[in-house]
2 protein chains.
Amino acid sequence: MRPDLTTALRRALFEEWSQTGYVGISLESVALRAGAGKAAIYRRWPSKLAFASDAIETVGVDLAAFSDCGSLEADLTAFLLTMRRALRHRLVRRILPDLLAERACSRDLAPLIDRLARRRRAEGERMLDRAVARGELRTHLDRELALDLIPSPLYWRMIVRERATTRAEVDRQARALVAALRAC
Amino acid sequence: MRPDLTTALRRALFEEWSQTGYVGISLESVALRAGAGKAAIYRRWPSKLAFASDAIETVGVDLAAFSDCGSLEADLTAFLLTMRRALRHRLVRRILPDLLAERACSRDLAPLIDRLARRRRAEGERMLDRAVARGELRTHLDRELALDLIPSPLYWRMIVRERATTRAEVDRQARALVAALRAC
DNA sequence: ATGCGTCGATACGCTTGCGTTCCATTCACG
DNA sequence: CGTGAATGGAACGCAAGCGTATCGACGCAT
């Protein structure tokens, strides 16, 4: 089993996915794109779902990571910059909304999406912990609301509205979010 | 040409759309669901795209409307409550993300989505005008950012995270948004 | 050299659905 | 009543793709 071919197949899947959406993925087209035969796909994965799940988990299409930058605003800025970098990627920009849409129609991909979401939210909790410890946020702030507020404006702008976001816009967004989180 | 049948066909399209996504819509299934023959669809619309565009425009899948409630916070709360009502609708919750995903893959539906988005944003501008006139917001606030902030947390929560939102949560969200808009 | 696993290419039977067309029936109107 | 429009149901030729299987070729390890 050739690992380089497995990688090529995964890459081809993402390209095809970004053009057709999950439902429209033709495994024949994926194989062709990878310069392989269809049997090579079936030797590795029993189904489209298994193939897609493996590919997503392997590449780790994840929005962003949180890190400790010394202050809430700096943490938020770093998060938004990382998220911006991920959403700038053409394939991510196309596959991410399709993942959500597909989940609404068929629950096949739901476990995968849930796993990704859970990881990110746990990291967000840790960032809130740090801000509380620094005295930047109230101890009993509404964490549900805070964790919805943080990624949503950037997601809305870049995915829903398909707009680019400058570094200055990220900075302003972080400042607005700090104000919002203080009111949570 | 029976108008009641046209209506039934549109309704059937939405049901099918919510189950299969746009790509997976089978006009045969739509016709069957509406208790009609396929020819009835082709007599009215030349293609799936024309059918879908007509249906969306006729029903007006729109997120929400803005109204003057006397203060920025009240305006925002009213907006969020209206948007919440729309997003509670099962078909909307499924078709909306699919519209976005489909737009990313194929530009067929882009003009339709742009029209919907433009209308809503213009109304958002008027709400900001009112808040500025009342002295609630700075004259030169970052309107781009403000108009991204307003709908995004609710969209994120209800569509991306598939979570319900209580009236109390809407109120808290409105308050956080006021704080954010003041920092814009 | 030999054996094994994997490869791409292809064929196969099957399914689904498209867009078009047809037909007997129904309905509304003059 | 006669006529024309529209109807649901179905047939048609065509296309695409699925999942399975096969075959000769290739690369690698022994």
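In what follows, chains are A, B, ... by sequence order, proteins preceding strands, each numbered from 1. Quantities reported herein were computed from a predicted structural model and do not represent experimental measurements.
When side chains are defined from C-beta on, Thr77(A) does not count as touching Cys69(A), because their heavy atoms never get closer than 4.5 Å. The side-chain heavy atoms of Arg121(B) and Ile150(B), taken from C-beta on, include no pair separated by under 4.5 Å.
Rounded to an integer number of Å, the gap from CH2 of Trp45(B) to P of dC18(C) is 15 Å. Separating the CD1 atom of Ile25(B) from the P atom of dG19(C) is a distance of 12 Å, rounded to the nearest angstrom. One can place CG of Leu27(B) at 10 Å from C1' of dG19(C), the figure rounded to the nearest angstrom.
Using a 4.0 Å cut-off between charged side-chain N and carboxylate O, Asp171(A) and Arg167(A) make a salt bridge. Using a cut-off of 4.0 Å between Lys/Arg side-chain N and Asp/Glu carboxylate O, Asp75(A) and Arg126(A) are scored as not salt-bridged. No salt bridge links Glu15(B) with Arg94(B); every basic N to acidic carboxylate O contact stays at or beyond 4.0 Å.
Relative orientation of the Tyr155(B) and Trp156(A) rings is perpendicular, given thresholds of 30° and 60° on the angle between their planes.
Judged by distance alone, the side chain of Ser29(A) and the main-chain N or O of Ile25(A) form no donor-acceptor pair under 3.5 Å.
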Its contact letters, B for base, S for sugar-phosphate only and - for none at protein heavy atoms under 4.0 Å, make nucleotides 7-15 of chain C read BBB------

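Read 5' to 3', the first and last nucleotides of DNA chain D with an atom closer than 4.0 Å to a heavy atom of chain A are dG17(D) to dT20(D).
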task: Give the C-alpha distance, both sets of side-chain angles, the deciding distance and a yes or no for side-chain contact (heavy atoms from CB on, under 4.5 Å) between Ile95(A) and Tyr22(A).
output: CA-CA 8 Å; Ile95(A) 291 172; Tyr22(A) 181 78; over 6 Å; no

